Amino acid sequence: MIPPLRVLVTGASGHVGGALVPALLAAGHTVRVLTRDADRVADRPWREDVELTVADAADPVGTARACADVDVVHWLVHSLDAGPGFAAADRATARIVARAARRAGVSRLVYLGGPRPTGEALSDHLRSREEVGALLLSSGVPTAVLRAAIVVGAGSASFEMLRHVTERLPVLPAPAWVRTRVQPVALRDVVTALVGAAALPAHVNRAFDVAGPDVMTYAELVQRYAAVAGLGRRRFLPVPVGSPALAALGIDLLTPVSRELARSLVESLGNTVVAGEDDLAGLIGSPPRLGFEDAVREALGGAVSPRA
């Protein structure tokens, strides 16, 4: 049994943080939420069960107040939709939370970052996630960096891009990156990993890959989503160049994802994002992870197959 902890969750208005809070409460932990705007979490079913700190994560005083008297900080914020300066903003907030957590005597930081392809030049998005992870790992506070690729869950920017584009376009442009391999992971399995990582032993200070069991290309990702959603088979039209700016414009028009966020994500599609290890599952005793089709069914509100 994991002893009850006092946990601070940032990014609780997002799809991962919003799912993490009730999972932490169900595990018996006390939860504090840091948010810039209390209205953004006012309608959450768990609102009355958590302590709220209203402050900007970029504010050292507010972040220090949020970190006071907590055991674990889940750092789930990013600035990808802030435009060209997002990497600098994320480095700055990472330094703020690292300093606040160290001074408050926090026993663990848990950061949800992005995958780390080997032997490839990283996109600005993935390079920024790697920089933030490295800053937290060197903070002096034991840190678990969880590296996940596409999170399959309602509200996930990557999943909403896949969902809306596949449903609205029977013929899709096919730049070279449609052949890039990816290993998506179900939202519920990311949440399981985040909850488990909170109670890792103090000597554990490292990054972990978190991925589902299925590896596929982006083209296969589209076809498998289409099959689960009951759509016809999608066709791909080869194009010589895949401009991130042009793709982001199309995504902005077709999906709820902002153009700036879409551009950051599209620039990462050329990177192979396949897990190199699964050490965390052994440390926290997590159950087998959902396959891609079941993860999509769950994201669309359908039933999934029982897990072993």
Side-chain angles (χ1 to χ4, degrees), residues 1-14 16-79 89-113 132-146 190-208 280 283-284:
M1 288 289 294
I2 299 174
L5 300 167
R6 290 182 54 82
V7 183
L8 172 66
V9 176
T10 66
S13 60
V16 175
L20 174 61
V21 170
L24 289 167
L25 292 169
H29 303 309
T30 301
V31 177
R32 177 183 295 164
V33 165
L34 172 65
T35 181
R36 287 178 296 179
D37 184 354
D39 289 341
R40 297 184 68 183
V41 298
D43 61 348
R44 297 283 182 162
W46 41 257
R47 169 60 190 92
E48 298 304 317
D49 299 318
V50 304
E51 178 186 340
L52 204 63
T53 297
V54 179
D56 193 314
D59 172 24
V61 175
T63 299
R65 187 171 72 251
C67 288
D69 301 317
V70 301
D71 302 304
V72 179
V73 174
H74 280 89
W75 193 248
L76 308 179
V77 298
H78 64 74
S79 307
D90 281 346
R91 285 194 298 272
T93 54
R95 292 187 177 102
I96 287 169
V97 72
R99 186 181 305 113
R102 184 174 61 251
R103 290 178 175 176
V106 169
S107 59
R108 175 155 301 279
L109 286 164
V110 181
Y111 171 60
L112 181 60
V132 170
L135 283 168
L136 298 180
L137 287 167
S138 62
S139 66
V141 179
T143 297
V145 173
L146 308 191
V190 172
V191 169
T192 296
L194 289 166
V195 173
L200 285 169
H203 68 271
V204 176
N205 187 68
R206 55 164 288 191
F208 297 92
L280 183 63
L283 289 173
I284 67 175

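Everything numeric here is computed off the predicted structure, so don't read it as measured data.
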For [Y], does its backbone N or O pair with a side-chain atom of [X] as donor and acceptor, under 3.5 Å?
X: W46; Y: G18; result: yes
X: T93; Y: A89; result: yes
X: R40; Y: A12; result: no

Taking only residues two or more places apart in sequence, or in another chain, which ones meet R206 in a side chain to side chain donor-acceptor pair (under 3.5 Å)?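 Checked R206 against side chain to side chain donor-acceptor pair (under 3.5 Å); matches are D279.
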Reference residue L5; test side-chain contact (heavy atoms from CB on, under 4.5 Å); the match among V72, L24, T30: V72
Contact between [X] and [Y] at the side-chain level, heavy atoms closer than 4.5 Å - yes or no?
X: V31; Y: E51; value: no
X: R32; Y: V7; value: no
X: L8; Y: V33; value: no
X: V110; Y: V73; value: no

Nearest 0.5 Å please: distance from the [atom1] atom of [X] over to the [atom2] atom of [Y].
X: L34; Y: W75; atom1: CG; atom2: CH2; answer: 6.5 Å
X: I96; Y: L135; atom1: CD1; atom2: CG; answer: 11.5 Å
X: L137; Y: L109; atom1: CG; atom2: CG; answer: 9.0 Å

Which pairs would a plain distance check flag for residues 61-71, meaning a side-chain donor or acceptor within less than 3.5 Å of a matching protein atom at least two apart in sequence or in another chain?
| unit_1 | atom_1 | unit_2 | atom_2 | d |
| --- | --- | --- | --- | --- |
| T63 | OG1 | A57 | O | 3.0 |
| T63 | OG1 | D59 | O | 3.1 |
| R65 | NH2 | V54 | O | 3.2 |
| D71 | OD2 | R6 | N | 2.7 |

